[in-house]
Number of protein chains: 2
Amino acid sequence: MPDEETIQALAETFDVLRDPTRLRIVVALSRQEMCVLDIAELLHVSESAVSHQMRLLKTLRLVKHRKNGKMVYYSLDDEHIEDLIRVATRHISER
Amino acid sequence: MPDEETIQALAETFDVLRDPTRLRIVVALSRQEMCVLDIAELLHVSESAVSHQMRLLKTLRLVKHRKNGKMVYYSLDDEHIEDLIRVATRHISER
DNA sequence: GAAATGATTGATCAATTGTTCAGCTGTTAA
DNA sequence: TTAACAGCTGAACAATTGATCAATCATTTC
């Protein structure tokens with residue numbers, strides 16, 4: 001049995017992806033870099049909602065950002081997340 | 001962008017594994033078949049709590065069960081879940 | 001049958017969560 | 001300097017969640 005710390009870290013990782021909005025953001029960013037407004041429009045949620053989620057994704061080191069003037073461009077910071085989505089997609093397609 | 005149904009199914013999958021108790025149950029079952037009481041004792045949680053979680057895991061087809069008298073033995077029903085845990089473990093070990 | 005055991009269930013409760021709203025910061029252009 | 005724009009933030013709210021408790025079911029043993 002993995003130690004408590006590992007379990008917590010694993011749970012935290014899955015926790016990020018369990019929310020549909022966050023999942024959509026991550027999937028979108030796996031294809032291209034995007035700014036907050038682009039994401040908000042694509043997913044039909046408010047800028048504020050996106051911004052809140054980006055803070056979480058940033059804190060957990062899932063995304064990185066790049067500022068250009070007043071725009072903030074986000075992209076994935078971790079290729080493992082794409083792996084997770086791939087494996088999970090295989091899972092649901094066979095269940 | 002995947003359709004709404006796929007996103008929901010993906011989120012649901014990650015949702016199961018985001019809870020430490022549920023994650024510990026799944027990890028334990030990936031090693032051996034266990035009954036409710038075994039799991040409860042191993043994880044130091046109540047039988048009732050385990051039973052509630054087993055219902056969820058059963059509903060989402062993550063575990064299967066086998067009755068033998070008054071005992072119910074649970075085991076994993078899906079090898080993809082072990083893959084997910086493997087990939088996630090690699091992720092956290094490198095972050 | 002009654003008691004004991006393993007497991008399940010429903011109700012309840014505190015804690016957590018994601019969104020909204022309003023106001024804010026920082027940057028650009030007039 | 002003002003207005004407009006892109007993004008961030010904290011408070012507040014409803015909704016969801018996971019554990020606990022008590023009661024119950026199902027099976028075995030006495």
Side-chain angles (χ1 to χ4, degrees), chain A residues 4 7-29 32-77, chain B residues 4 7-29 32-77:
Chain A
E4 186 56 27
I7 290 287
Q8 282 300 330
L10 282 170
E12 223 171 58
T13 301
F14 291 123
D15 198 40
V16 189
L17 301 169
R18 71 117 197 262
D19 174 67
T21 301
R22 231 146 39 213
L23 190 53
R24 282 205 213 91
I25 292 174
V26 170
V27 168
L29 291 182
Q32 61 188 310
E33 186 184 60
M34 293 179 94
C35 68
V36 173
L37 207 61
D38 287 344
I39 299 169
E41 281 172 5
L42 179 66
L43 309 186
H44 303 108
V45 289
S46 72
E47 262 182 272
S48 176
V50 172
S51 197
H52 277 294
Q53 300 292 12
M54 296 324 287
R55 185 159 70 130
L56 182 64
L57 293 171
K58 228 177 352 185
T59 302
L60 293 173
R61 301 251 179 75
L62 277 153
V63 302
K64 58 189 173 198
H65 65 287
R66 161 176 91 78
K67 287 192 76 170
N68 186 9
K70 50 189 164 176
M71 317 270 283
V72 177
Y73 291 98
Y74 286 95
S75 57
L76 289 194
D77 191 23
Chain B
E4 186 57 26
I7 289 287
Q8 281 301 329
L10 282 171
E12 226 172 56
T13 301
F14 291 122
D15 197 41
V16 190
L17 300 169
R18 70 113 197 263
D19 175 65
T21 300
R22 232 145 39 214
L23 191 52
R24 283 203 211 93
I25 292 175
V26 170
V27 169
L29 291 181
Q32 60 188 311
E33 186 185 60
M34 293 178 94
C35 68
V36 174
L37 207 61
D38 286 345
I39 299 169
E41 282 172 4
L42 179 65
L43 308 186
H44 304 106
V45 288
S46 72
E47 261 180 273
S48 176
V50 171
S51 196
H52 277 294
Q53 300 291 12
M54 296 325 287
R55 186 160 72 130
L56 182 64
L57 293 171
K58 228 176 354 185
T59 303
L60 293 174
R61 301 251 180 77
L62 276 153
V63 302
K64 58 189 174 199
H65 66 287
R66 160 176 90 77
K67 285 193 76 171
N68 186 9
K70 51 188 163 177
M71 316 269 284
V72 177
Y73 290 97
Y74 285 96
S75 57
L76 288 194
D77 190 23

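Residue numbers start from 1 in every chain, and the chains themselves are labelled A, B, ... in the order their sequence lines are given, proteins ahead of strands.
For Ser46(B) against dC21(D), a side-chain-to-base donor-acceptor contact under 3.5 Å is absent. Donor-acceptor pairing under 3.5 Å, judged by distance alone, is absent between the side chain of His52(A) and the base of dG7(D). With hydrogens and angles left out, the side chain of Ser48(A) and the base of dT9(D) share a donor-acceptor pair within 3.5 Å.
Following rounding to the nearest Å, Met54(A) (CE) and dA6(D) (C1') show an atom-to-atom distance of 14 Å. Rounded to an integer number of Å, the gap from CG of Leu60(B) to P of dT17(D) is 11 Å. In this entry the distance linking CD of Glu41(B) with C1' of dA7(C) reads 14 Å, nearest Å. Put simply, CG on Leu57(B) is 12 Å from P on dT8(C), counting in whole angstrom units. Note: CG (Asp15(B)) to P (dT17(C)) measures 12 Å, nearest angstrom. Here the P atom of nucleotide dT9(D) and the CD atom of Gln53(A) are 13 Å apart, to the nearest Å. To the nearest angstrom, C1' of dT5(C) lies 13 Å from NZ of Lys67(B). One can place CZ of Arg22(B) at 9 Å from P of dT17(D), the figure rounded to the nearest angstrom.
Distance from the side chain of Leu37(B) is smallest for dG6(C) among the nucleotides dT8(C), dG18(C), dG6(C). Side-chain proximity of Cys35(A) to the nucleotides dA19(D), dT20(C), dG7(D) is greatest for dG7(D). The listed nucleotides are dG10(C), dG18(C), dT8(C); the one nearest the side chain of Glu47(B) is dT8(C). Considering only side-chain atoms of Ser51(B), the nucleotide from dT9(D), dT17(D), dT8(C) that sits closest is dT8(C). Of all nucleotides listed (dT28(C), dT27(D), dA7(C)), dT28(C) comes nearest to the side chain of Lys70(A).
Contact annotation for Tyr73(A): no contact, since no heavy-atom pair falls under 4.0 Å across all strands.
Classification of the Phe14(A)-Phe14(B) ring pair by plane angle, with boundaries at 30° and 60°, yields parallel.
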Quick one, Leu29(B) with Val63(B), criterion side-chain contact (heavy atoms from CB on, under 4.5 Å). Give me CA distance, side-chain angles, the key distance, then yes/no. CA-CA 9 Å; Leu29(B) 291 181; Val63(B) 302; 3.8 Å; yes

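With Arg22(B) contributing its side chain and Val16(B) its backbone, the two residues share a donor-acceptor pair below 3.5 Å.
Taking the nucleotide of DNA chain D with the nearest heavy atom to each of Arg55(A) and Met71(A), the more 5' of the two is matched to Met71(A).
One finds a salt bridge joining Arg24(A) and Glu4(B) here, because a Lys/Arg side-chain nitrogen approaches an Asp/Glu carboxylate oxygen to under 4.0 Å.
At the phosphate of dT16(C), neither OP1 nor OP2 sits under 4.0 Å from any side-chain N or O atom of Arg18(A). Residue Tyr74(B) places no side-chain N or O under 4.0 Å from the OP1 or OP2 atom of dG6(C).
Considering Leu62(B), Ile25(B), Val26(B) as possible partners of Leu76(B), the one that fulfils the side chain to side chain contact (heavy atoms under 4.5 Å, CB included) test is Val26(B).
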